[in-house]
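The structure under discussion appears below in the form of structure tokens.
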Amino acid sequence: AAAWGLWRARGGLAVTPHPAARLLPANGSSAAAAPGLFWGSYRPHVYLGMKTRSPRAPVTGLMWLLPSEGEAPPPPLRHTCEQSDRLAGYGWLRHDGLTFGLQEIRDRGLRLRTEFVKRPGGLHGGDWSWRVTARPERSAGPPPAFISLLFYVATDGQGILRPLVVEKNRLASLTGTTEELGDFTITFLQPTSEAGTGPLYASYNYLHARAEGLHRLSDVVKASLSPRFVYAPPGGPKRRYAGVDTYQGPPDGRERQSQLVVHQVTVALPCRLEMAFESGSVSDRAERLVGEVLTQELASHVAAFDQRFEEAFGLARKGFSAQEQDFAKAAFSNMLGGMGYFYGRSLVQSPHSELPQPYPEGPLFTAVPSRSFFPRGFLWDEGFHQLLLSRWDPALSCEVLAHWFDLMNAEGWIPREQILGEEARTKVPAEFVVQHSSAGNPPTFFLLLQQLLAQGAVDAPYLRSLFPRLQSWYDWYNRTQAGPVPYTFRWHGRDQDTQMFLNPKTLTSGLDDYPRASHPSPEERHLDLRCWMALASDVMAQVAVHLGEPAGDYQHMAKLLADNQLLEQHHWAKALSTFADYGNHTQAVALEWEKPRPPSPGQPLPPPRLLRVVRKPPRLQFVGGALGYVSLFPLLLQLLRPDSPHLGTLLADMRSEKQLWTPFGLRSLSRSSPLYLKYNTEHDPPYWRGAIWININYLAVRALHHYGRQEGPFRQEAASLYQELRANLVGNVFQQYQESGYLWEQYHDGTGKGQGSHPFTGWSALVVLMMSEKY
Ligand code: 6A9
């Protein structure tokens with residue numbers, strides 16, 4: 001019994017891997033098994049970086065410094081994607097996920113174009129080259145007189161780098177060896193004009209240092225900068241600049257597992273720099289992938305991309321302008337090019353263990369919501385991401401899904417937010433790191449599976465190996481998120497504090513502060529989760545039938561959860577005349593400043609607190625005052641029968657400007673809700689309380705498209721709303737991109753303006769599917 005207790009205290013099943021065979025074979029990401037995907041731009045959190053799909057991958061990257069005359073040194077170093085850098089825009093404009101990418105970065109008076117091309121060959125993932133072109137940006141004030149570009153290579157605990165320095169400080173090349181790459185050479189070409197003539201005059205700096213880890217690279221470079229260098233082109237003025245010099249390093253005793261080599265080039269604009277990675281095992285290399293050869297390969301990749309994009313999405317055929325097509329390519333490419341390969345472990349709190357426990361280590365190959373703010377995997381975001389990416393490369397989506405399902409524990413749970421490895425950890429405040437093994441998140445992977453099945457894109461062996469884990473996942477929701485009565489569901493793990501929040505949040509639902517019952521209780525039933533489970537059951541049934549497995553239970557569940565009468569019984573609030581959650585609820589709540597508390601003798605006055613007052617006690621009832629995305633779920637997930645009178649009601653709520661309709665898309669919460677645009681605490685601004693979110697709008701457009709084709713009394717209405725809503729969303733996200741240079745996390749319901757984190761080419765990129773009408 002003591003041993004049992006200890007096992008539970010150490011996390012028990014919560015940190016035990018699922019017993020089913022893994023979907024991904026051991027070494028499945030290796031250069032031998034998957035050479036094409038070995039190298040990639042799998043470091044979405046840096047402006048430009050590549051690595052291999054390995055646990056301890058060596059990395060390459062780019063940093064830059066603008067001259068800092070007048071400013072106090074050190075000048076700002078650009079490296080990791082930071083909103084505080086206030087770049088005018090950056091992102092992949094073309095990226096095929098496999099062989100090439102083209103990015104544009106606009107920073108003050110500077111326009112950087114970063115391009116890479118991979119070339120297969122040998123046994124270790126082949127060769128690749130980078131080209132960075134720096135130009136003055138005409139529209140953005142005076143261009144910088146010169147710029148410093150810092151190319152770096154770093155190891156992560158494994159492998160060695162041998163720099164070759166010529167002419168004082170110029171790193172001409174380096175050779176290296178790692179377990180997985182074998183021997184390789186990286187050559188740094190001297191800067192040229194944009195047309196390739198040169199070399200141009202430049203100053204060089206070089207650093208060879210050891211860092212505590214990849215998460216410390218910026219710190220090491222910053223600490224090594226010295227302002228003592230002078231850039232003095234012939235005939236030009238002498239100018240001081242900061243260059244990498246020497247690095248003292250942290251106090252002894254700390255492990256320094258990364259070897260870092262930096263090549264800094266200080267040069268006038270415009271210019272072009274190239275760097276070529278060559279694998280030692282390529283024996284039949286005809287020509288080096290630089291200069292004219294690189295130019296030609298880039299051009300042919302762009303042409304191939306454009307053709308494939310048109311085949312996949314048909315935007316030219318549909319009459320979209322060249323600008324609109326470029327926008328769609330950028331949205332798509334930055335999602336695909338923003339994919340990351342992460343390796344590490346989550347920190348998991350189970351209800352039984354006292355302290356958070358380390359989860360087993362593992363890899364995750366995934367897209368990310370935002371390269372600056374959330375450059376890591378999020379469970380329900382990923383289902384949406386792959387709806388888009390599977391239209392380009394369904395095999396890639398299957399592989400991503402396999403990675404996520406291999407992270408399942410023995411209980412059938414998959415952690416919601418994946419913060420794997422030191423680099424990912426540095427972006428997350430401590431209080432957000434721990435994942436709770438009782439916390440769910442919408443199972444959007446069922447949407448993906450539904451689509452992949454419809455596309456005929458999953459083969460039987462894959463589906464068969466997925467099945468045991470899929471069953472466990474489905475069971476996990478049924479078991480742990482069951483509602484108070486059969487066939488109802490409840491998001492467990494809501495905030496319990498009823499005093500501090502205007503409405504306790506439901507982070508697990510993905511809709512965070514969307515209003516729910518005012519007083520969390522086990523009696524709650526959540527409409528959105530019930531609809532998700534209807535979809536899940538239906539897809540489970542489909543998969544089981546496909547595999548010849550027993551499907552009866554799934555079919556039974558799917559049938560009951562799709563039963564419109566049962567749905568009404570559990571969720572139709574007659575008095576509110578809409579679908580709603582049910583729970584212990586009162587609408588008579590408000591935040592008020594607490595009366596000043598008497599100070600204790602000798603103590604400073606305690607600061608006043610904003611607390612919730614409840615003017616009328618809660619009682620079990622349908623949750624009023626919360627019309628919005630949740631109310632729409634029976635429509636969004638297409639559970640309503642086309643002849644349901646409630647379909648008409650929901651369409652009317654959608655189209656009403658007093659409620660959900662705006663010229664820019666559907667707002668998350670009705671303008672008539674008492675919680676519309678309300679802060680949840682003094683410091684917690686409204687999030688899902690009015691703003692326009694593109695993932696839910698995508699579901700809405702998709703559902704309207706569906707109902708617009710079903711025989712029934714609301715067919716016409718749905719079809720015309722479809723046209724209108726689609727045009728509004730596409731129009732606004734496009735216009736905001738033109739104006740601001742970014743896709744955004746959400747859009748303001750009054751002005752259409754992008755807000756929240758950016759770039760957010762996570763689910764906001766679903767506009768591409770709306771444009772292409774792929775549902
Ligand atoms: C905060 C602070 C640098 C919130 O897109 C990811 C998620 C969605 O899944 C969810 O539905 N976003 C939405 O309501 C962002 C969540 C970020 C939480 C971590 C850490 C980072 O500071």
Side-chain angles (χ1 to χ4, degrees), residues 44-46 80-85 215 334-335 338-340 342 346-347 364 366-388 404 414-420 422-436 439-445 447 491 493-495 503-516 526 528-529 532 628-630 633 636 667-669 680 683-699 742-747 754-766:
H45 65 294
V46 295
T80 53
C81 304
E82 305 294 342
Q83 289 184 177
S84 55
D85 287 347
H215 61 298
N334 205 50
M335 184 195 279
M339 286 190 67
F342 306 93
S346 296
L347 210 53
L364 181 62
T366 189
V368 304
S370 163
R371 287 177 57 194
S372 58
F373 226 63
F374 316 120
R376 52 187 177 273
F378 285 83
L379 184 65
W380 87 302
D381 296 63
E382 197 55 25
F384 285 112
H385 299 160
Q386 296 306 324
L387 290 180
L388 175 59
W404 277 92
I414 306 176
R416 169 164 60 114
E417 184 174 346
Q418 298 282 342
I419 310 160
L420 308 181
E422 294 278 17
E423 286 190 277
R425 190 73 49 92
T426 52
K427 284 263 179 176
V428 188
E431 69 264 33
F432 292 105
V433 170
V434 174
Q435 300 298 303
H436 294 263
N441 207 206
T444 53
F445 284 134
L447 282 176
W491 292 114
R494 284 191 66 189
D495 280 338
N503 186 274
K505 289 207 263 199
T506 316
L507 291 174
T508 49
S509 72
L511 309 176
D512 298 21
D513 63 343
Y514 187 95
R516 307 282 183 165
H526 292 131
D528 49 338
L529 183 51
W532 284 119
Y629 287 169
V630 166
F633 259 81
L636 296 178
R667 60 166 72 86
S668 39
L669 186 62
N680 207 34
H683 302 290
D684 195 1
Y687 202 35
W688 294 82
R689 292 187 181 170
I692 297 161
W693 292 78
I694 304 302
N695 60 334
I696 303 294
N697 273 284
Y698 168 76
L699 293 178
Y742 293 107
L743 276 87
W744 294 76
E745 184 180 18
Q746 353 149 335
Y747 293 86
Q755 57 184 28
S757 69
H758 62 278
F760 193 99
T761 29
W763 57 43
S764 296
L766 292 175

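Order of appearance sets the numbers: ligands from 1, and atoms from 1 within every ligand.
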Close-range residues for ligand 1, whose non-hydrogen atoms fall below the 4.0 Å threshold: Pro369, Phe373, Phe374, Arg376, Phe378, Trp380, Asp381, Glu417, Lys427, Pro429, Phe432, Gly510, Asp512, Tyr687, Trp688, Phe760, Trp763
Verify, without hydrogens or angle tests, whether Ser346 (side chain) and Gln418 (backbone) share a donor-acceptor contact under 3.5 angstrom. no
Distance only, no hydrogens: is a donor on one side chain within 3.5 Å (strictly under) of an acceptor on the other, for Thr366 and Glu382? yes
When Trp763 is tested against each of Tyr698, Phe384, Phe374 for ring-ring contact (aromatic ring centres under 6.0 Å, His included), which residue passes? Phe384
Assess whether a salt bridge exists between Arg376 and Glu423, defined as any Lys/Arg side-chain N lying under 4.0 Å from an Asp/Glu carboxylate O. no
Mind running salt bridge (Lys or Arg N to Asp or Glu O under 4.0 Å) on Arg516 and Asp528 for me, showing each step along the way? CA-CA 11 Å; Arg516 307 282 183 165; Asp528 49 338; 2.8 Å; yes
I'd like to know if Asp684 and Arg689 make a salt bridge, using a cut-off of under 4.0 Å between side-chain N and carboxylate O. no
